Novice: 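Just passing along the structure, written as structure tokens.
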Amino acid sequence: MAVTYRFPVLVWQDQEGWYTASLLEWDEPAGIGRTASQAVEQLQDYLAWCYQERPWLSAPDFLDPKLLQFKVPVRPEYQEAGRRYPCDESVPLRLHCVHARQEQGLLVCVLPTLKIRFYYYEEGALRTLVPHYVQQHLEGVTPRDLARHLAPVRAELDQVVVTLTNREPRYRAWEPSLPTLQDVAEPLGDPRVRKQFTRPWERDQQVDDLVRRLGQERANVLLVGESGAGKTTVLVEAVRLLERKEEDEDEPRRGRAARRYWLTSGARLIAGMKYLGQWEERCEEIIAELAQAGGVLCVDNLLDLVREGGEGPTNSVAAFFLPYLQRGELRMVGEATPAELDACRRLLPGFADVFQVLRLEPFSRQQAVRVLDHLAALLKQNHHLDVGRGVTDLVYHLFRRFAPYQAFPGRAATFLARVFEKVRQERRATPEVGTADVVREFVRQTGLPELFLRDEVPLGRDDVVAAFGRQVIGQDEAVEAAANLVMTFKAGMNDPNRPVGVLLFCGPTGVGKTELARALARYFFGHGEQADRLVRLDMSEYAGPGAAQRLIAQLDGRPSDFIQKLRGQPLAVVLFDEIEKADAEVFDVLLGVFDEGRLTDRFGRLTTFRSAILVMTSNLGAGKQSPFGFGEGPAVRYEGEALAFFRPEFFNRIDAVVTFQPLGPETIRAITRKELAEVAAREGITRLGLRLEWTEALVEQLAKEGFDARYGARPLQRTLETLVVAPLARHLLDNLGLRDTALRVGVDAAGKVTFS
């Protein structure tokens, strides 16, 4: 079937009678002849040759052309000895201008006699833009040179008609060479790339919309949705449909459509570029190769283009691409979250405006479960496993309950695939994936114990209090606060739009504040493959100017170590140690974290704290404890001290203020026994089958020497290592045959440790 293209041209006659036919669609050589028809025929032959030799060329995109005339005053200049001498009067230059529109909505204006082309948005702006571009182009021109641009005798619009058939091109096996694209991007039409992505279930409407915008409107499109909403899968499916349609309609291009859509990232575009101008040169090569192949550049994170490249957004890759996108010389598809889109608009105004926004709304419960059902059926077929009843419902429930901020399918789909893979590796006699497999894998990844995941498992408050009481001794109020947090979380009564808990631990040093934070981390998140879920920050390091920025990001703009840990594992206990030492700007940052459980940096990168427990410790008021001793003297109102120090809006976002009391004599002795029990559980004792026992006299001496009223129980561990652990190690090495017996540790009259 033949295809006919109509290309608008401007034909004009010069002062000597020759005719010139200038193609308005491309900046290509013009046709020249003694008659207008001769000049047009030259262009017709040239275009027919182009489409035969370059079958990937697209259809003309210069719609509804209109011819206008402008008189632009131009002041010529003389130049002599490096100096410029403007003429006294300006010369009114009469010019022919052709303006049109493109399918994607941009307006284009061409002045063929001056070889000027520019793009604009508002039709009324043409009368100011034409003089601007003409005067800029002719700046510094001499009167002699200006004479070359005198108005032609006459000019008119015409068209070149090119009829194409499905005959084979002269070089059938030829394909455009795309070396730079192959280095920095992946063709989405390649089956090896496409098979990495699943089908975009429940996104048919968005896929059809994207196909229309890319195929018919030839627009730049930005897919906007939360991380994990399926933006890339929608893009891959749309590309698959577009390429199939192009191959069916155009037999000579079969196989080449698979090389039109290229997926890359901002980091890959500038990877390995060390010197000034290197990445700009690479980007120019990419644009040229895409134009040669009629290609589209797909970027997995639009914000990365704003961040990568120069020292700031105005020198970034995005700023480099912007004029090419505005002129239609580059087509692009990007992805972004709503926060990243806002950051793009703030950091580089105008960049996001060249894209049409296609939003991917969150799934409803029914849609999310159907997506998981589709994925489970696919995994069942690939792994040859059966699926038990309630598996996908349980996966949805666990992620909605304990990670409500994560979009579906996202990590839930990755989690379900991991469960199937684990079951397949076990090679069971009955190959079936059940709810127990889901719970076990969720425990392994999140660290949450089964008692939180299974509603049918009971949890008594007394058991929780006893568990924390064994780890933090003598702090009944603190243990009660920890138990309250556990019971609230178990019942599902915590606010899903805030952190699990925001606690302020007040009291003197060395009384168990940090130990309770560790106990919370072990109780909530210490049951998976990553046992240590305590992220500790010494807030004295964030006391100077710029502390808030250092808390969030490094000097080069990358996320700080703290933020990277939370993004990698959002289920954790974050300990802000000695919070009162932080800079006031840090408190401003934490206001949003405490209130909404979210932290967004200036690049729109989101960190979620809604699955974390936030603990602050403070020694405010500890210096007023007097006299020194085992808790003697008037009690200090630590909560009142904290209320006087923190701003009201900050203090009101704290869920509970927990007061730790000074340690009494009996508490010190109980802590000493606990520390001795931990020594008895060390490998050097258990490996030999020894049972460590101790006398009350030893406990009394350690409690006396290891306690300091200023530092609480902190010196106890040093005393224990000096008085017990070191002598015990020497005793074991001197008696290598000592095994499977009870070893009693005591003190003699002189206070020396004895073993029997």
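Residues: numbered from 1 along the sequence shown. These numbers come from a predicted model, not from an experiment.
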Novice: Evaluate the ring pair (Phe, Tyr, Trp, His ring centres under 6.0 Å) criterion for residues Phe399 and Phe442: first the C-alpha distance (whole Å), next the side-chain angles of each, then the deciding distance (0.1 Å), finally the verdict.
Specialist: CA-CA 9 Å; Phe399 275 86; Phe442 201 80; 5.6 Å; yes

Novice: Give a yes or no on whether Arg346 atom CZ has more than 12 heavy-atom contacts from other residues, nucleotides or ligands under 6.0 Å away.
Specialist: yes

Novice: Strictly by modelled atom types, are Asp373 and Thr392 linked by a side-chain donor-acceptor pair under 3.5 Å?
Specialist: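 On atom types as modelled, these side chains qualify, holding a pair under 3.5 Å.
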
Novice: For Ala319 and Pro323, work out which heavy atoms get closest and say how close.
Specialist: O-CD, 3.4 Å

Novice: Classify the side-chain pair Glu578/Ser540 by whether it contains a donor and acceptor separated by less than 3.5 Å.
Specialist: no

Novice: Look up atom OH in Tyr324 and atom CD1 in Ile287, then write down how far apart they are to the nearest 0.5 Å.
Specialist: 5.0 Å

Novice: Using a strict threshold of under 4.0 Å (side-chain N to carboxylate O), is an ion pair present between Glu515 and Arg522?
Specialist: yes

Novice: Any chance you could measure Leu302, atom CG, to Phe351, atom CZ, to the nearest 0.5 Å?
Specialist: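 Output value for this atom pair is 4.5 Å.
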
Novice: Say you draw a straight line from OH of Tyr405 to CZ of Arg610; how long is it, rounded to the nearest 0.5 Å?
Specialist: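 With rounding to 0.5 Å, OH (Tyr405) is 9.5 Å from CZ (Arg610).
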
Novice: If I compare all heavy atoms of Leu210 with all of Leu235, which pair ends up nearest, and what's the gap?
Specialist: CD2-CA, 3.8 Å

Novice: Measuring from Ser316:OG to Ile270:CD1, what's the distance to the nearest 0.5 Å?
Specialist: 10.0 Å

Novice: CZ of Arg359: more than 12 outside heavy atoms within 6.0 angstrom?
Specialist: no

Novice: For the pair Glu285 and Arg282, find out whether any cationic side-chain nitrogen is under 4.0 Å from an anionic carboxylate oxygen.
Specialist: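 Arg282 and Glu285: not salt-bridged.
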
Novice: Where do Asn220 and Arg331 come nearest, in terms of heavy atoms and distance?
Specialist: OD1-CA, 3.1 Å

Novice: How about NZ on Lys565, more than 12 heavy atoms from neighbouring residues, nucleotides or ligands closer than 6.0 Å, or not?
Specialist: no

Novice: With a 6.0 Å cut-off (strictly less than), is the heavy-atom count around CZ of Arg567, excluding the residue itself, greater than 12?
Specialist: yes

Novice: Looking only at non-hydrogen atoms, find the nearest pair between Cys506 and Ala642 and report the distance.
Specialist: SG-CB, 4.2 Å

Novice: In Å and rounded to the nearest 0.5 Å, what is the OG1 to CZ distance from Thr233 to Phe197?
Specialist: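 Rounded to the nearest 0.5 Å, the OG1-CZ separation comes out at 8.5 Å.
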
Novice: Which of these, Leu520, Thr514, Val574, Val658, sits in a side-chain contact (heavy atoms from CB on, under 4.5 Å) with Val615?
Specialist: Leu520

Novice: Using atom types as modelled and distance alone, determine if a side-chain donor or acceptor of Glu340 lies under 3.5 Å from a backbone N or O of Thr337.
Specialist: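 Judged by distance alone, yes, a pair lies under 3.5 Å.
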
Novice: Aromatic rings Phe646 and Phe587: how do their planes relate, parallel, tilted or perpendicular, breaks at 30° and 60°?
Specialist: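 If you compare the ring of Phe646 with that of Phe587, the planes turn out perpendicular.
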
Novice: When you measure from the side chain of Ser611 to the backbone of Phe402, do you find a donor-acceptor pair of N or O atoms at a distance under 3.5 Å?
Specialist: yes

Novice: Give me the atom names and distance for the closest heavy-atom approach of Arg203 to Ala229.
Specialist: NH2-O, 3.3 Å

Novice: Under the 3.5 angstrom rule, does the side chain of Gln554 hit a backbone N or O of Pro559 as a donor-acceptor pair?
Specialist: yes

Novice: Under 4.0 Å between a side-chain nitrogen and a carboxylate oxygen: does that hold for Arg418 and Glu421?
Specialist: no

Novice: Please report whether the ring centroid of Phe408 lies less than 6.0 Å from that of Phe363.
Specialist: no

Novice: Can you tell me how far the CG atom of Leu330 sits from the CD1 atom of Ile286, to the nearest 0.5 Å?
Specialist: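 Rounded to the nearest 0.5 Å, the CG-CD1 separation comes to 9.5 Å.
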
Novice: Does the Arg533 side chain pair with the main chain of Gln569, one donor and one acceptor, at a distance under 3.5 Å?
Specialist: no

Novice: Considering the options Val586, Asp577, Leu575, Asp583, which one meets the side-chain contact (heavy atoms from CB on, under 4.5 Å) requirement together with Met539?
Specialist: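 Exactly one option meets the side-chain contact (heavy atoms from CB on, under 4.5 Å) with Met539, and it is Val586.
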
Novice: Please check this pair: side chain of Arg498 against backbone of Arg653, looking for a donor-acceptor N/O pair closer than 3.5 Å.
Specialist: yes

Novice: Heavy-atom count check: over 12 atoms from other residues, nucleotides or ligands less than 6.0 Å from Glu122 CD?
Specialist: no

Novice: Treating Gln367 as the side-chain partner and Ser364 as the backbone partner, does any N or O pair qualify as donor plus acceptor under 3.5 Å?
Specialist: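 Pair found, side chain donor or acceptor close to backbone of Ser364.
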
Novice: Return yes if some donor-acceptor pair links the side-chain N/O of Lys513 with the main-chain N/O of Met616 below 3.5 Å, else return no.
Specialist: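 Pair absent, no side-chain N/O of Lys513 close to backbone of Met616.
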
Novice: Would you confirm whether Asp209, through its side chain, and Gln205, through its main-chain N or O, come within 3.5 Å as a donor-acceptor pair?
Specialist: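 Such a contact is absent between Asp209 side chain and Gln205 backbone.
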
Novice: Please examine the side chains of Glu308 and Met273, heavy atoms only from C-beta on, and report whether any two atoms are closer than 4.5 Å.
Specialist: no

Novice: Is the backbone of Leu551 close enough, under 3.5 Å, to the side chain of Ser560 for a donor and an acceptor to pair up by distance?
Specialist: yes

Novice: Between Arg647 and Asp588, what is the shortest heavy-atom contact and its length?
Specialist: NH2-OD1, 2.7 Å

Novice: Between Phe594 and Phe609, is the ring centroid distance below 6.0 Å?
Specialist: no

Novice: Would you confirm whether Arg260, through its side chain, and Val239, through its main-chain N or O, come within 3.5 Å as a donor-acceptor pair?
Specialist: no

